[in-house]
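Here's the structure we're looking at; comments come further down.
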Amino acid sequence: MIGIIFGPPGSGKGTQAKRLEEELRIHHLSTGAILRGEVARRTALGEEVGRVMATGDLVPDALIVDVVKARLPEAEEGAGALLDGFPRTVTQARALDAMLADEGHTITFVVALEVPEQALIGRLLHRAELEGRTDDTREVISERMREYHKLTEAVLEHYRNQGVPITVVDGTGTPDDVFARIHAALTGISSE
Ligand code: ADP
């Protein structure tokens, strides 16, 4: 099973991915968390991406594709993998398609979380107070939203054109509310 959790910054991908990881026993692969780890450990990769992330821009496709390529085989072991934060551009989606095709795998599902932009900004500013993520300032949040509309939204269209099952889920309300919706939607897919 290869799942993708998709949505704008602040839509709750990471929170829901953690729950899905427990529920489905699949491995959660978060490119944002991987990159933040590299920055914190001051690795060569971290030095390269830190500044880009701090402005809200996306890191180069080739770089993130290499990161995923190195980790995907292990993540796919057992019940499978849940991708969070990747693919974020159509170029990345094509690279993922090629990686999976090499292994004879395909994407099982895409869960797309929908949350109105005002609510997203409120959540991200609130998270900034709690976690102090350096990319959660008002200016950087706007840039991340712009990148999402400019580059990332098209990824959904890419999968829609390929006939991958996409489940659009209302991402408003409490994490429990959202998880219940995702759970109900995925139960529908697996029993089809
Ligand atoms: P968000 O909370 O905005 O969804 P993430 O935690 O997924 O953010 O990612 C944080 C930052 O890491 C992004 O703004 C971007 O700079 C970088 N990043 C993460 N995944 C990718 C990717 N697939 N392609 C390019 N940049 C990425």
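From a predicted model like this one, the values you see are computed outputs, not experimental measurements. Every heavy atom of this structure was used, including side-chain atoms; hydrogens, water molecules and symmetry mates were not. Atoms within each ligand, like the ligands themselves, are counted from 1 in listed order.
- Cluster partners of L58 are L151, counting Ile, Leu, Val, Met, Phe, Trp and Tyr whose side-chain heavy atoms approach within less than 4.5 Å, directly or via other members.
- L130 shares a hydrophobic cluster with no other residue; no ILVMFWY side chain has heavy atoms under 4.5 Å from its own.
- Scanning all heavy atoms of the two residues, the minimum distance from A75 to A81 falls at O-CB, 3.6 Å.
- Heavy atoms only, all atoms of each residue included: V178 and V169 are closest at O-CG1, 4.3 Å.
- Identified under the side chain to side chain donor-acceptor pair (under 3.5 Å) test for residues 110-124, with sequence neighbours left out: E117-H149.
- Across all their heavy atoms, I5 and L113 have their closest contact at CD1-CD1, 4.2 Å.
- Protein residues are said to neighbour a ligand when one of their heavy atoms lies under 4.0 Å from it; for ligand 1 these are P9, K13, T31, G32, L35, R36, M53, D57, L58, V59, I64, G85, F86, R88, Q92, R127, R133, D135, R144.
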